[in-house]
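Take a look at the structure below.
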Amino acid sequence: MTVGHDLGLTEAPSTHHGAGGCGCGEQAQALPVLDARTIPHAIRHGAILGALGQLQPGGAMVLVAPHDPVPLLAQIEATWPGRFALDYLERGPEAWQLAFTRQA
(Lines give C-alpha, C1' and ligand atoms only; values in the text may rest on other atoms or scores of the structure.)
Protein backbone atom coordinates (compact mmCIF):
# COMPACT_ATOMS: atom_id res chain seq x y z
CA MET A 1 0.00 0.00 0.00
CA THR A 2 1.38 3.36 -0.96
CA VAL A 3 1.00 5.97 1.77
CA GLY A 4 0.97 9.59 0.63
CA HIS A 5 1.11 12.91 2.37
CA ASP A 6 -1.79 14.72 4.02
CA LEU A 7 -3.58 16.45 1.17
CA GLY A 8 -6.60 17.86 2.95
CA LEU A 9 -8.85 16.66 0.12
CA THR A 10 -12.57 16.38 0.66
CA GLU A 11 -13.80 16.36 -2.93
CA ALA A 12 -12.62 14.99 -6.23
CA PRO A 13 -13.38 16.45 -9.64
CA SER A 14 -16.70 15.35 -11.10
CA THR A 15 -16.28 11.98 -12.74
CA HIS A 16 -18.55 9.07 -13.49
CA HIS A 17 -18.66 6.20 -10.99
CA GLY A 18 -15.29 4.51 -11.66
CA ALA A 19 -14.17 3.00 -14.91
CA GLY A 20 -17.21 2.03 -16.96
CA GLY A 21 -19.65 3.46 -14.42
CA CYS A 22 -22.29 1.66 -12.41
CA GLY A 23 -25.10 2.28 -14.88
CA CYS A 24 -27.19 4.44 -12.53
CA GLY A 25 -26.77 7.51 -14.73
CA GLU A 26 -25.64 9.76 -11.87
CA GLN A 27 -22.49 11.84 -11.89
CA ALA A 28 -20.30 11.60 -8.78
CA GLN A 29 -19.70 15.05 -7.27
CA ALA A 30 -17.30 13.98 -4.52
CA LEU A 31 -15.50 10.90 -3.38
CA PRO A 32 -17.87 8.44 -1.74
CA VAL A 33 -17.50 8.42 2.04
CA LEU A 34 -17.85 5.31 4.20
CA ASP A 35 -18.27 6.26 7.85
CA ALA A 36 -17.12 3.13 9.68
CA ARG A 37 -18.21 4.62 12.99
CA THR A 38 -21.80 3.78 12.03
CA ILE A 39 -21.09 0.13 11.17
CA PRO A 40 -21.41 -2.48 13.94
CA HIS A 41 -17.95 -3.57 15.08
CA ALA A 42 -18.61 -7.26 14.32
CA ILE A 43 -18.97 -6.57 10.59
CA ARG A 44 -16.92 -3.38 10.19
CA HIS A 45 -13.82 -4.82 8.48
CA GLY A 46 -15.94 -6.95 6.15
CA ALA A 47 -18.00 -3.93 5.09
CA ILE A 48 -14.90 -1.84 4.45
CA LEU A 49 -13.20 -4.61 2.48
CA GLY A 50 -16.38 -5.04 0.45
CA ALA A 51 -16.47 -1.34 -0.40
CA LEU A 52 -12.79 -1.30 -1.37
CA GLY A 53 -13.31 -4.41 -3.48
CA GLN A 54 -15.88 -2.51 -5.57
CA LEU A 55 -13.46 0.22 -6.61
CA GLN A 56 -12.33 0.07 -10.21
CA PRO A 57 -8.77 1.11 -11.18
CA GLY A 58 -8.54 4.86 -10.62
CA GLY A 59 -11.58 4.81 -8.34
CA ALA A 60 -11.35 6.28 -4.87
CA MET A 61 -13.24 6.53 -1.60
CA VAL A 62 -12.85 8.11 1.82
CA LEU A 63 -13.02 6.05 5.00
CA VAL A 64 -13.94 7.72 8.29
CA ALA A 65 -12.76 5.67 11.27
CA PRO A 66 -12.99 6.15 15.06
CA HIS A 67 -9.24 5.47 15.46
CA ASP A 68 -6.12 5.06 13.34
CA PRO A 69 -7.02 1.82 11.50
CA VAL A 70 -3.53 0.28 11.48
CA PRO A 71 -4.76 -3.36 11.80
CA LEU A 72 -7.25 -2.77 8.96
CA LEU A 73 -4.50 -1.30 6.77
CA ALA A 74 -2.39 -4.42 7.35
CA GLN A 75 -5.39 -6.60 6.43
CA ILE A 76 -5.98 -4.60 3.23
CA GLU A 77 -2.33 -4.89 2.23
CA ALA A 78 -2.33 -8.65 2.95
CA THR A 79 -5.49 -9.08 0.87
CA TRP A 80 -4.51 -6.82 -2.05
CA PRO A 81 -0.73 -6.16 -1.98
CA GLY A 82 0.07 -2.79 -3.55
CA ARG A 83 -3.45 -2.25 -4.92
CA PHE A 84 -4.34 0.93 -3.01
CA ALA A 85 -2.69 4.29 -2.53
CA LEU A 86 -3.57 5.85 0.81
CA ASP A 87 -3.67 9.47 1.98
CA TYR A 88 -4.53 10.50 5.51
CA LEU A 89 -6.88 13.49 5.25
CA GLU A 90 -7.46 13.84 9.00
CA ARG A 91 -5.68 12.25 11.98
CA GLY A 92 -8.00 12.37 14.98
CA PRO A 93 -8.58 12.91 17.74
CA GLU A 94 -12.32 12.34 17.09
CA ALA A 95 -12.07 10.75 13.65
CA TRP A 96 -9.50 9.60 11.14
CA GLN A 97 -10.22 10.18 7.46
CA LEU A 98 -8.32 8.21 4.86
CA ALA A 99 -8.60 8.42 1.08
CA PHE A 100 -8.03 5.15 -0.77
CA THR A 101 -7.32 5.12 -4.51
CA ARG A 102 -7.23 1.86 -6.40
CA GLN A 103 -4.08 1.62 -8.47
CA ALA A 104 -4.40 -1.22 -10.97
Any chance you could measure Ile39, atom CD1, to Ile43, atom CD1, to the nearest 0.5 Å? 7.0 Å
Within residues 32-43 or reaching into it, pairs that qualify as side chain to side chain donor-acceptor pair (under 3.5 Å) - sequence neighbours excluded: Asp35-Arg37
Side chain Gln97, main chain Ala95, donor-acceptor under 3.5 Å: no
Straight-line distance of Arg83 CZ to Leu55 CG, nearest 0.5 Å: 9.5 Å
Minimum heavy-atom distance Pro69-Tyr88, with the two atoms named: CD-OH, 4.4 Å
Steps toward side-chain contact (heavy atoms from CB on, under 4.5 Å) verdict (Val62, Phe100): CA-CA 6 Å; Val62 173; Phe100 291 89; over 6 Å; no
Check whether Arg44 reaches the backbone of Ala36 with its side chain - one donor and one acceptor, N or O, closer than 3.5 Å. yes
Search all heavy atoms of Pro32 against all heavy atoms of Ala60 and return the closest pair with its distance. CD-O, 3.4 Å
Taken to the nearest 0.5 Å, the spacing of Leu89 CG from Leu86 CG works out to 8.5 Å
Can you list every pair that meets salt bridge (charged side-chain N to carboxylate O under 4.0 Å, His left out) and has a residue in residues 46-71, with sequence neighbours left out? none
CZ/Arg91 to CH2/Trp96 distance, rounded to the nearest 0.5 angstrom? 10.0 Å
I would like to know whether Thr101 and Phe84 meet side-chain contact (heavy atoms from CB on, under 4.5 Å); could you show each step before the answer? CA-CA 5 Å; Thr101 303; Phe84 294 98; over 6 Å; no
Rounded to the nearest 0.5 Å, what separation is found between the CG atom of Leu73 and the CG atom of Leu98? 6.0 Å
Show me the side-chain donor-acceptor pairs of residues 45-52 shorter than 3.5 Å, one per line, residues at least two apart or across chains.
| from | atom 1 | to | atom 2 | distance (Å) |
| --- | --- | --- | --- | --- |
| His45 | ND1 | Gln75 | OE1 | 2.6 |

Looking only at heavy atoms, what is the nearest atom pair of Glu77 and Gly82, with distance? OE2-N, 3.0 Å
